[in-house]
Participant: 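Here's a structure for you.
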Protein chains: 2
Amino acid sequence: MNWNTVSFDWNQARAFLVTAEEGSLSAAARSLRLTQPTLGRQVAALEERLGVTLFERVGRSLTLTQSGLDLLHHVRGMGEAAGRFSLAASGQSQTIEGHVSITATNMMATFHLPPVFKKIREMAPEIELEILASSEVRDLRRREADIAIRHGRPEHPELIAKLVGETTAHLYGASEHLDAVGRPMHPDDISDADFIGFGDPTEYLPYLTDIGLPLTRENFKTTTNSGTVILALMRQGFGLSMLTRQDADLAEGIEQVLPDLDPIPIPIWLVTHRELHTSRRIRLVFDLLAEELS
Amino acid sequence: MNWNTVSFDWNQARAFLVTAEEGSLSAAARSLRLTQPTLGRQVAALEERLGVTLFERVGRSLTLTQSGLDLLHHVRGMGEAAGRFSLAASGQSQTIEGHVSITATNMMATFHLPPVFKKIREMAPEIELEILASSEVRDLRRREADIAIRHGRPEHPELIAKLVGETTAHLYGASEHLDAVGRPMHPDDISDADFIGFGDPTEYLPYLTDIGLPLTRENFKTTTNSGTVILALMRQGFGLSMLTRQDADLAEGIEQVLPDLDPIPIPIWLVTHRELHTSRRIRLVFDLLAEELS
DNA sequence: TCCAATTCATGCATTTTTGTATATCAGAGG
DNA sequence: CCTCTGATATACAAAAATGCATGAATTGGA
């Protein structure tokens, strides 16, 4: 086998990739936890070695040359393979100590997870837990987290999901707000009410109409992707919202509306990457989460 | 973008790849022009970092663990991308100084190319020429050489080829041998003669029968992939062979047989990788070769 | 069985790489 | 017009990686 072609410094290729993608040496240095001079020198050394000018030093920033642009495609390939390697390696890791990151909604992370995390910490203190309370859905395929707690079944074949439980959502409003606009006594009373949506209302509107709420897209004057923001908005009188009972119980000044309504079931899925499920460490956390959330 | 997954040391991945492919740290070190302790430490550091045992140290050699085997696939991907990157970068290189490797048959390299190389050296002394006089056909796609001189048109779309000239092959024999077996006067006289084949005779046998030589596979009692070996064998009385006039003229004790036979045209193709043709340095050598060989 | 060759591991000196601190420069905004 | 922020480049010290020399162990063959 002829290894001449691959015997250049692969870290320099990495420096080139991240610098090009991030747009500056400084940003690349931050991403890789290196320093800007280091990245600068690695990129310069690569240019020297290849005999190709990759970046044009214009003013305060670097712009890719045409050659750099052409070559970037190839180091992207290296980077993607590196990512897959890293992912698979994490999955192969059988060490119990180390880092596990979990992502969940703000609400989940704030109101449900702390006791579970405490239990994990007691049972496996050598595991470093990172909690990404995030309103965005983290992309497990890009390894933005090791485990995700979601309320919908992920469809991607690379991911494995386990339905660990179910909570229920009910209709709530801030007491102060209800004092002002009046408490609805019948589902039909709320056809003109203001609602605060969690994410895109069209996704769950059918479930609301199914239980007899005469709502349309128009009722959702306000939407947010943050549960805590919903609570704040409710207290400010922006309207009503669906919340899980656990969330509502823990929040002040919130009361249930139309308690006789059927509750809306909210599934709780535990999701991880197929590759990661073989990791002893991640498996442990996954299983503990599954047990505790059931 | 999340670069955590790629922020491991890529050179360690390279060490893993080459060690696994070569089968030992020492061999990998030779391939990468590093030392065995360096490779050993890089692989150990990777194992440490990933928390995965890649190799089982058994006796004097390393064997891949199952994990290592699973992960090897991914670093192969990195390696392939690295190779493509390197190839493309060589093509982008606009520096005139540097290394260019040319492969040709022994005969070509011995008898035809030296004066051409001298000219290249005079015109571009800053180019380091490497001459791979090789009987095997080097694989340009694996970058075993930058430019190849071949006698057949390469069919691969990644390669670009230019027909730069044509030489002719004629029938020769060693004088001493002919003294012993007699000089044939008519093509039919050689139906029982021994022939020394260059490579696989079936590939060019049709050309020989076309010019009236009553030969079959059976006549080729001896074959070799080396032109110089053919000359040596001819002198040892192993039989007759087709040679180019230039080769035969430069060899002692060889004389033409049946000079009235039609010569067999032998095309001379200059071949390089599509990516490399954009390199100023390689382009220069390519063009000079094309000019001189015409 | 013993020898030669080849392997990986380790201690130490050297070389190389990296980080820190700093200088310089360009652009945005008051 | 000036300041402030954030960019790259550079000098020098610190840290890390590398190579060399060597040792120990194993294989293959005389």
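Each chain gets a letter, A, B and so on, in the order its sequence line appears, and its residues count up from 1. For the numbers below, each heavy atom of this structure counts, side chains included, while hydrogens, waters and symmetry mates do not. Note that the structure is a prediction, hence the values are computed from the model and not measured.
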Participant: Provide, to the nearest angstrom, the distance between the CG atom belonging to B:L39 and the P atom belonging to C:dT10.
Facilitator: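 Atom CG in B:L39 sits about 16 Å away from atom P in C:dT10.
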
Participant: Confirm from the modelled atom types if B:Q36 and C:dA9 form a donor-acceptor pair under 3.5 Å, side chain to base only.
Facilitator: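 Under the 3.5 Å cut-off, the side chain and the base do form a donor-acceptor pair.
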
Participant: Does any donor atom in the side chain of A:T38 or A:T35 lie under 3.5 Å from an acceptor atom in the other side chain?
Facilitator: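 Yes, because at least one side-chain N or O of A:T38 sits under 3.5 Å from a partner of the opposite role on A:T35.
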
Participant: If we count only N and O atoms by modelled type, under 3.5 Å, do the side chains of B:T5 and A:R84 hold a donor and an acceptor together?
Facilitator: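 The criterion, which ignores hydrogens and geometry beyond distance, is not satisfied for A:R84 and B:T5.
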
Participant: Determine, for B:R283 against B:E275, whether the closest basic-nitrogen to carboxylate-oxygen distance falls under 4.0 angstrom.
Facilitator: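 No salt bridge links B:R283 with B:E275.
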
Participant: Return yes if a side-chain donor-acceptor contact under 3.5 Å exists between B:N11 and B:Q42, otherwise no.
Facilitator: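 Absent: no donor and acceptor within the cut-off.
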
Participant: Is the shortest side-chain N/O distance from A:R30 to OP1 or OP2 of D:dG6 below 4.0 Å?
Facilitator: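 False: A:R30 side-chain N/O out of range (4.0 Å or more) of D:dG6 OP1/OP2.
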
Participant: Answer yes or no: does a side-chain N or O of B:S24 lie under 4.0 Å from OP1 or OP2 of C:dT6?
Facilitator: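 For C:dT6, neither OP1 nor OP2 has a side-chain N or O of B:S24 closer than 4.0 Å.
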
Participant: Regarding A:T95 and A:S93, do their side chains bring together a donor and an acceptor under 3.5 Å, going by distance alone?
Facilitator: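 A:S93 and A:T95 do have a side-chain donor-acceptor pair below 3.5 Å.
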
Participant: Would you work out how much the helix from C:dT1-D:dA30 to C:dG30-D:dC1 bends between its ends, with each end axis defined by five base pairs, to 10 degrees?
Facilitator: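 End axes: 30° apart.
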
Participant: Between C:dT20, C:dT7, D:dA7, which one does the side chain of A:P37 approach most closely?
Facilitator: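 Of C:dT20, C:dT7, D:dA7, C:dT20 is nearest to the side chain of A:P37.
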
Participant: Above 12 or not: heavy atoms from other molecules or residues under 6.0 Å from NZ of A:K221?
Facilitator: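 Atom NZ in A:K221 is crowded, with more than 12 foreign heavy atoms closer than 6.0 Å.
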
Participant: Take atom CD of A:E56 and atom P of D:dT8, then tell me their distance rounded to the nearest Å.
Facilitator: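 Taking atom P of D:dT8 as the reference, CD of A:E56 is at 14 Å.
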
Participant: Give a yes or no on whether the backbone of A:R143 and the side-chain of B:N2 come within a donor-acceptor separation of less than 3.5 Å.
Facilitator: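 Yes, because the side chain of B:N2 sits within donor-acceptor range (under 3.5 Å) of the backbone of A:R143.
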
Participant: I'd like a list of close polar pairs between nucleotides 13-18 of chain C and the protein, N/O only, cut-off under 3.5 Å.
Facilitator:
residue : atom : partner : partner atom : Å
C:dT18  : OP1  : A:Q42   : NE2          : 3.1

Participant: With distance as the sole criterion, is a donor-acceptor pair present between the side chains of A:W3 and B:E21 under 3.5 Å?
Facilitator: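 No, no side-chain donor-acceptor contact under 3.5 Å.
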
